[in-house]
Amino acid sequence: LKPPPFAYADPRTVPEALEILARSGDEGKILAGGQSLVPLLNMRLAQPQVLVDLNRIGELAYIREETRAGVPGIAIGAMTRHRTVEHSSEIAERLPLLAEGIPWVGHPQIRNRGTIGGSIAHADPAAELPLIFRVLDGTATVQSVRGERAIPARDFFAYTFTPAIEPHELLAAVWFPYSPPRTGQAFLEVARRHGDFALVAVGVSLTLDAHNVVTDGRIAVGGAAPVPARAADAEAAIRGERPSLDLFREAGRLAAQAMEPTSDVHADAEYRRDVAGTLTYRALKLAWERIPRKEDG
Ligand SMILES: Cc1cc2nc3c(=O)[nH]c(=O)nc-3n(C[C@H](O)[C@H](O)[C@H](O)COP(=O)(O)OP(=O)(O)OC[C@H]3O[C@@H](n4cnc5c(N)ncnc54)[C@H](O)[C@@H]3O)c2cc1C
């Protein structure tokens, strides 16, 4: 299979890329690592007139500490490869959920080329990074010739494979806030083989106060809804409570109930719903175990 003809542009700077995207209107398409786009081109599921290759724009590849509105965190440039994030000691120390989830993205060869921006902009509901972006309440920085805007993760995924960005816009970076002390996190996935897309994946983040009460509990599920979904009812059920296995079982039940899985050749909807509940329970338990112990005050 071969892609249909297209014009090719390889800008060296972000402003140059934005100019080309603006000129291309709805017909331009960004090429990042090509791990999803090239198969789509070959299958003629995407037929852009102009391909805008970001691979020569060095300024889009970085990992750096960045404080936003007084909140410390890490900004990752869109063209940073998965593999760079996987091997970053800064990420391992400060964003452990991202470090735990990223080895689940395909295989090393895919992660050598695939980019953080490409994974998030592709908006695959079964992909690991969109899910982690949702749990950590990240923010996307999007640029166009008109300027820059920030999109919080909760507003970023409009629908399956549809990010809330326009064809003339470029996802420049994603930012993740650091989590407060006494936070435990966990990422769990069920796939047919390691490296396959998730049948279902769950990421959780659990924060306790000095009295071991949950002040913030976040649960996101991938592969079981049109977009990576937060399980709002399950989150509400654990907030303000003391952790227990019964509480987490109930959260798992509520999370499963809230999902809208579909059946396909890989798994049917009911199986996906069951797995979503079980993984939610297990991830909450694991996250809890990872919080440094402290006796009631
Ligand atoms: C065999 C195989 C297995 C895989 N397994 C997994 C897996 O288990 N989990 C998983 O998550 N992924 C998996 N992938 C996909 C892989 O992770 C891709 O790298 C990722 O989905 C897209 O990143 P990319 O940089 O390759 O983007 P590309 O393929 O270049 O682009 C993807 C889409 O995002 C858009 N885009 C890219 N960058 C930007 C930007 N900066 N701004 C705006 N739009 C942009 C493109 O226009 C395109 O629509 C797999 C791929 C293969 C080939």
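These numbers come from the heavy atoms of this one structure, side chains and all, not from hydrogens, waters or symmetry mates. All residue numbers in this chain count up from 1 along the given sequence. Counting convention: from 1, in listed order, for ligands and their atoms alike.
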Open item on the list: Evaluate Ile30 for polar contact with ligand 1, using N/O atom pairs at a separation under 3.5 Å.
Closed with: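 Yes, there is a polar N/O contact under 3.5 Å.
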Task: Heteroatom proximity flag, Ala32 to ligand 1, N/O under 3.5 Å - done: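 N/O-N/O distance under 3.5 Å: yes.
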Evaluate the side-chain proximity of [Y] to [X]: yes if any heavy-atom separation is below 4.5 Å, no if none is.
X: Leu97; Y: Val135; result: yes
X: Met259; Y: Val200; result: no
X: Phe133; Y: Glu128; result: no
X: Arg218; Y: Gln185; result: no

Measuring from [atom], which candidate in [options] has the nearest non-hydrogen atom?
atom: atom 29 (O) of ligand 1; options: Ile116, Ile120, Leu37; value: Leu37
atom: atom 1 (C) of ligand 1; options: Val105, Ile57, Ile110; value: Ile110
atom: atom 20 (C) of ligand 1; options: Ser119, Ala201, Gly195; value: Ser119

Task: Glu148 CD to Glu169 CD distance, which is reported to the nearest 0.5 Å - done: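 Going from the CD atom of Glu148 to the CD atom of Glu169 covers 11.0 Å.
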Task: Presence of salt bridge, Asp137 and Arg154, under 4.0 angstrom - done: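 Salt bridge between Arg154 and Asp137, a charged N being under 4.0 Å from a carboxylate O: no.
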Applying a heavy-atom cut-off of 4.0 Å, say which part of [X] lies close to ligand 1: side chain, backbone, both or neither.
X: Asp196; result: backbone
X: Ala78; result: side chain
X: Thr115; result: both
X: His107; result: neither

- [ ] May I ask whether Leu129 has any heavy atom positioned less than 4.0 angstrom from an atom of ligand 1?
- [x]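 Outside the 4.0 Å threshold, so no.
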Task: atom 8 (O) of ligand 1 [closest protein heavy-atom partner, distance rounded to 0.1 Å] - done: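 Answer for atom 8 (O) of ligand 1: Gly106 N, 3.0 Å.
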TODO: Could you work out the complete set of other residues in the hydrophobic cluster of Leu21, with links drawn between I, L, V, M, F, W and Y side chains under 4.5 Å apart?
DONE: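 Same cluster as Leu21: Val14, Leu18, Ile20, Ile30, Val50, Val52, Leu54, Ile57, Leu60, Met79, Val145, Leu170.
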